[in-house]
Colleague: 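Can you keep this structure in mind? I'll have questions shortly.
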Amino acid sequence: MLYIGVDLGTSAVKLLLMDGEGRIQKIVSREYPICFPQPGWSEQNPEDWFRETMAGLKELLSDCDKSQVAGISFGGQMHGLVILDAKDQVIRPALLWNDGRTYEECDYLNNVIGKEKLSEYTANISFTGFTAPKILWVKNKEPENFARIRKIMLPKDYIAYRLSGVHCTDVSDASGMLIFDVKNRCWSRQMLDICGIREEQLARIYESYEAVGTVLPEIAAKLEIPETTKVVAGAGDNAAAAVGTGTVGDGMCNISLGTSGTIFISSEKFGVDRHNALHAFAHADGHYHLMGCMLSAASCNKWWMDGIIGTKDYAGEQEAIGKLGENHVYFLPYLMGERSPHNNPNARGTFIGMTMDTTRADMTQAVLEGVAFALRDSFEVAKSLGIRIERTKICGGGAKSPLWKKIIANVMNIKVDVIESEEGPALGGAMLAAVACGEYESVEAAAEKLVKVVDTVEPTPEIAAKYEERYQQFKEIYPACKPLFEIIK
């Protein structure tokens, strides 16, 4: 049988076709526009998502046996607000995850309602990207649109609705809305009251690997696939990517070195750190996960290489780096502020420790090490909850650097596994579809069968010991600089 994974990204939808043995048959990508109506605002038209998804599906299936298509599932950009009226028509463009207009609503939630109550109700605190402050923004700034709302949906779930006719969401994506009780995997009645909405305005909640229905007859006819093709709930992009990298089960970890950086830790037990430094979300495997998100990771290296020293020879610059664990230069990688674990939009990138003998290679090394140290900050929060991690998967553009992987292995003092196929949320979506259709008995079984480790980078005890000393120094720099960040704007 054949399974489709749909990754609804911010700039494009990526579609992947996989057979039951995990072999990728075809990948298609279709772009759509993004709109910035005012500085800090970010919107998209959900109809663009659906149009390009349908066009992508037709292209994806153009040269396969369409009768073998058994299921479609999703990964997708999280937190976006899609609102529908009584006729299920989109009321206004979707407010995206990177839309920053809700600072007043976030201040209200965190400081008037209070972070302790938010954490009690949802296991998380408010960020401008989350969905609840977006709902409050519409309520406060566009009351005529708020009054028309009959359904509140997330981006990928709108596509699932258009394919199946079912208003649905999954536990992992719902976790990022700030109206979901993560521990009990249900909507938070307290947050519904705070936002002024009713439960019937929200979608029905499913586990990520559950079928919500089958494709509508008209969809089946357009795509020439069976009407029995299941539409499966899917997951938010990070949880879907974790499925695709095999980061499921207890104590599994994945580090992503993309434009932003994440450390994703799966756990069978629910847990929240006392400062809400990490996001505590439901996972696509039926359990939970913690996630630390830093806003600048591989983008720090790109900024340094392209913008500052003016070169595209990333590998050549790294060849000049000498001994690891002995660099006296430090770099705080907060070029766009920081989310985890500091939650400080005023934090800034900072070099410290330069002397007259500091070299270009020292500065380049400090950038790579600064990202690794910042990831370890989130790693330490997870360890404080009693989570023991001995190895991690790694993915993203930065993971193509052998040196960076070696630095991370030694800074974290854990083994770093490199996987064979890195197709992100689209592969995770296809795997979830396969589980829902009975190809595999569980998400963990699918990951065990389909995800293959092809290389492992192990820490060197002497280097790891040196980095331990360096990290203890690094973690003192942000608290010392924090008062300055409040006045340097």
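Bear in mind the structure is a predicted one, so any value in this text is a computation, not a measurement.
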Colleague: Just wondering, more than 12 heavy atoms not from Glu31 lying within 6.0 Å of its CD?
Modeller: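 No, because the 6.0 Å sphere around CD of Glu31 holds 12 heavy atoms or fewer from other groups.
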
Colleague: May I ask you to check whether Tyr467 and Glu369 show a side-chain donor-acceptor distance below 3.5 Å?
Modeller: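 Yes, a side-chain donor-acceptor pair sits under 3.5 Å.
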
Colleague: Can any side-chain N or O of Thr350 pair as donor or acceptor with the backbone N or O of Arg348 at less than 3.5 Å?
Modeller: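 A pair under 3.5 Å: yes.
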
Colleague: Any idea which heavy atoms bring His328 and Arg470 closest together, and the distance?
Modeller: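 Residues His328 and Arg470, closest heavy atoms: CE1-NH2, 3.8 Å.
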
Colleague: Applying side chain to side chain donor-acceptor pair (under 3.5 Å) as the test, list every pair that has at least one member in residues 244-269; sequence neighbours left out.
Modeller: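 Found Thr245-Thr247.
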
Colleague: Do we see a donor-acceptor contact under 3.5 Å between the side chains of Tyr314 and Asp306?
Modeller: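 Note: Tyr314 and Asp306 side chains meet the donor-acceptor criterion.
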
Colleague: Just verifying a value: how many Å separate His79 NE2 and Thr128 OG1, rounded to the nearest 0.5 Å?
Modeller: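 If I round to the nearest 0.5 Å, the distance is 9.5 Å.
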
Colleague: Can you name the side-chain hydrogen bond (donor to acceptor under 3.5 Å, both in side chains) partners of Glu199, sequence neighbours left out?
Modeller: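 Result, side-chain hydrogen bond (donor to acceptor under 3.5 Å, both in side chains) vs Glu199: Arg189.
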
Colleague: So Tyr478 and Tyr334, would you call those rings parallel, tilted or perpendicular, with 30° and 60° as cut-offs?
Modeller: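 Rings of Tyr478 and Tyr334: perpendicular, over 60°.
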
Colleague: If I compare all heavy atoms of Leu450 with all of Tyr440, which pair ends up nearest, and what's the gap?
Modeller: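 Heavy atoms only, the tightest pair is CD2-OH, 3.2 Å.
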
Colleague: For Gln318 and Ser401, test the side chains for any donor-to-acceptor distance below 3.5 angstrom and give the result as yes or no.
Modeller: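 Checked: Gln318/Ser401 side chains pair up, N/O donor to acceptor below 3.5 Å.
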
Colleague: Under the salt bridge (Lys or Arg N to Asp or Glu O under 4.0 Å) rule, what do Lys141 and Glu105 come out as? Steps first, then yes or no, please.
Modeller: CA-CA 11 Å; Lys141 305 296 195 301; Glu105 288 75 19; 3.3 Å; yes

Colleague: For Met305, does its backbone N or O pair with a side-chain atom of Thr311 as donor and acceptor, under 3.5 Å?
Modeller: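 Pair absent, no side-chain N/O of Thr311 close to backbone of Met305.
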
Colleague: Cation-pi check for Tyr288 against Arg185: NZ or CZ below 6.0 Å from the six-membered ring centre and within 45 degrees of the axis, yes or no?
Modeller: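 So Arg185 does make the cation-pi contact.
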
Colleague: What I'd like to find out is whether the side chain of Trp49 reaches to under 4.5 Å of the side chain of Val6, using heavy atoms alone.
Modeller: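 No - every pair of side-chain heavy atoms lies 4.5 Å or more apart.
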
Colleague: Between the side chains of Asp170 and Tyr209, is a donor N or O closer than 3.5 angstrom to an acceptor N or O?
Modeller: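 Distance-only check fails for Asp170 and Tyr209.
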
Colleague: Lys14 vs Glu423, test: salt bridge (Lys or Arg N to Asp or Glu O under 4.0 Å). Steps then yes/no.
Modeller: CA-CA 10 Å; Lys14 178 180 177 180; Glu423 294 298 343; 2.6 Å; yes

Colleague: Donor-acceptor check, side chain of Asn124 to backbone of Ala280, threshold 3.5 angstrom: yes or no?
Modeller: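 Yes: the side chain of Asn124 pairs with the backbone of Ala280.
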
Colleague: Could you walk me through whether Ile205 and Phe180 pass side chain to side chain contact (heavy atoms under 4.5 Å, CB included), step by step?
Modeller: CA-CA 10 Å; Ile205 302 164; Phe180 185 70; 3.5 Å; yes

Colleague: How are the rings of Tyr161 and Tyr158 set relative to one another: parallel (under 30°), tilted (30 to 60°) or perpendicular (over 60°)?
Modeller: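 Rings of Tyr161 and Tyr158: tilted, as their planes differ by 30° to 60°.
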
Colleague: Between the side chains of Gln44 and Gln77, is a donor N or O closer than 3.5 angstrom to an acceptor N or O?
Modeller: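 Looking only at side-chain atoms, Gln77 and Gln44 do form a donor-acceptor pair, the distance falling under 3.5 Å.
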
Colleague: Met431 and Gly244: which non-hydrogen atoms are nearest, and at how many Å?
Modeller: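 Shortest heavy-atom contact: SD-CA, 3.9 Å.
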
Colleague: Apply ring pair (Phe, Tyr, Trp, His ring centres under 6.0 Å) to His283 and Phe270, showing your working.
Modeller: CA-CA 10 Å; His283 194 8; Phe270 171 80; over 10 Å; no

Colleague: Answer yes or no: is there a side-chain heavy-atom contact under 4.5 Å between Ile159 and Phe74?
Modeller: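 Yes, at least one pair of side-chain atoms sits under 4.5 Å.
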
Colleague: Answer yes or no on whether Arg339 is positioned over the face of Phe127, meaning its NZ or CZ is under 6.0 Å from the six-membered ring centre and within 45° of the axis.
Modeller: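 Cation-pi check for Arg339 and Phe127: passes.
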
Colleague: Apply the test ring pair (Phe, Tyr, Trp, His ring centres under 6.0 Å) to residues Phe130 and His279: give CA-CA distance (whole Å), side-chain angles for both, the deciding distance (0.1 Å), then the verdict.
Modeller: CA-CA 11 Å; Phe130 282 8; His279 300 323; 5.5 Å; yes

Colleague: Taking C-beta and beyond as the side chain, do Thr53 and Arg30 meet within less than 4.5 Å on heavy atoms?
Modeller: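 With C-beta onward as the side chain, the pair stays apart.
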
Colleague: Please check if atom CE in Met363 has more than 12 non-hydrogen atoms from other residues, nucleotides or ligands closer than 6.0 Å.
Modeller: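 Yes, enclosed.
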
Colleague: Should the heavy atoms of other residues, nucleotides or ligands under 6.0 Å from CD of Glu468 be counted, would the total exceed 12?
Modeller: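 For Glu468, atom CD is crowded (more than 12 foreign heavy atoms under 6.0 Å).
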
Colleague: Please determine whether a side-chain nitrogen of the Lys or Arg among Asp417 and Lys393 lies less than 4.0 Å from a carboxylate oxygen of the Asp or Glu.
Modeller: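 Salt bridge flag = no for Lys393 with Asp417.
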
Colleague: Only counting residues at least two apart or in another chain, list the ones meeting side-chain contact (heavy atoms from CB on, under 4.5 Å) with Phe36.
Modeller: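 side-chain contact (heavy atoms from CB on, under 4.5 Å) list for Phe36, sorted by chain: Ile34, Ser42.
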
Colleague: Calculate, to the nearest 0.5 Å, the distance between atoms CG and CD1 belonging to Asn327 and Ile407 respectively.
Modeller: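 Asn327 CG to Ile407 CD1: 9.0 Å, rounded to 0.5 Å.
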
Colleague: Is a donor on one side and an acceptor on the other found under 3.5 Å between the side chain of Asp99 and the backbone of Arg101?
Modeller: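 Yes, Asp99 side chain to Arg101 backbone: donor-acceptor pair under 3.5 Å.
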
Colleague: Would the distance check show the side chain of Lys405 and the main-chain N or O of Ala399 forming a donor-acceptor pair, the cut-off being under 3.5 Å?
Modeller: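 Yes: the side chain of Lys405 pairs with the backbone of Ala399.
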
Colleague: Measure from the side-chain N and O atoms of Asp273 to the backbone N and O of Leu278, and report whether any donor-acceptor pair falls under 3.5 Å.
Modeller: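 Checking the backbone N and O of Leu278 against the side chain of Asp273, a donor-acceptor pair under 3.5 Å is found.
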
Colleague: Hey, mind stepping through Asn276 and Ser119 against side chain to side chain donor-acceptor pair (under 3.5 Å) and telling me if it holds?
Modeller: CA-CA 7 Å; Asn276 289 103; Ser119 183; 3.2 Å; yes

Colleague: Please check if atom CD in Glu441 has more than 12 non-hydrogen atoms from other residues, nucleotides or ligands closer than 6.0 Å.
Modeller: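 Atom CD in Glu441 is not crowded, with 12 or fewer foreign heavy atoms closer than 6.0 Å.
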
Colleague: Please check this pair: side chain of Ser340 against backbone of Gly292, looking for a donor-acceptor N/O pair closer than 3.5 Å.
Modeller: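 No; judged by distance alone, with no hydrogens or angles, the pair does not exist.
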
Colleague: Provide the closest heavy-atom pair for Ile125 versus Leu178 in the form atom of the first, atom of the second, distance.
Modeller: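 Looking at all heavy atoms of both residues, the closest pair is O-CD1, 3.5 Å.
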
Colleague: Quick check, are the ring centers of Phe351 and Trp304 under 6.0 angstrom apart?
Modeller: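 When the ring centroids of Phe351 and Trp304 are compared, they turn out to be within the sub-6.0 Å range.
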
Colleague: Check step by step if salt bridge (Lys or Arg N to Asp or Glu O under 4.0 Å) holds for Asp237 and Lys156.
Modeller: CA-CA 9 Å; Asp237 51 7; Lys156 76 172 192 341; over 6 Å; no

Colleague: Taking atom NZ of Lys482 as the centre, report whether more than 12 heavy atoms of other residues, nucleotides or ligands fall under 6.0 Å from it.
Modeller: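 Counting other residues, nucleotides and ligands, NZ of Lys482 stays at 12 neighbours or fewer.
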
Colleague: Hey, does the side chain of Thr460 reach the backbone of Ile463 with a donor-acceptor pair shorter than 3.5 angstrom?
Modeller: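 No, Thr460 side chain to Ile463 backbone: no donor-acceptor pair under 3.5 Å.
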
Colleague: Using modelled atom types only, decide if a donor and an acceptor are shared between the side chain of Lys134 and the backbone of Gly129 within a distance under 3.5 Å.
Modeller: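 Flag set: sc Lys134 to bb Gly129 pair under 3.5 Å.
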
Colleague: Does any part of the side chain of Val171, heavy atoms only, come nearer than 4.5 Å to the side chain of Tyr206, both counted from C-beta?
Modeller: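 Counting from C-beta outward, Tyr206 and Val171 never come under 4.5 Å.
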
Colleague: Could you walk me through whether Glu120 and Lys117 pass the salt bridge (Lys or Arg N to Asp or Glu O under 4.0 Å) check?
Modeller: CA-CA 5 Å; Glu120 177 188 345; Lys117 286 187 177 179; over 6 Å; no

Colleague: Hey, is the main chain of Thr10 close enough, under 3.5 Å, to the side chain of Trp97 for a donor-acceptor pair?
Modeller: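 No, Trp97 side chain to Thr10 backbone: no donor-acceptor pair under 3.5 Å.
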
Colleague: Crowded around Gln473 CD? As in, over 12 foreign heavy atoms under 6.0 Å?
Modeller: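 Counting neighbours around CD of Gln473, more than 12 heavy atoms of other residues, nucleotides or ligands fall under 6.0 Å, so yes.
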
Colleague: Give the C-alpha distance, both sets of side-chain angles, the deciding distance and a yes or no for side chain to side chain contact (heavy atoms under 4.5 Å, CB included) between Asp181 and Trp187.
Modeller: CA-CA 6 Å; Asp181 178 345; Trp187 297 119; over 6 Å; no

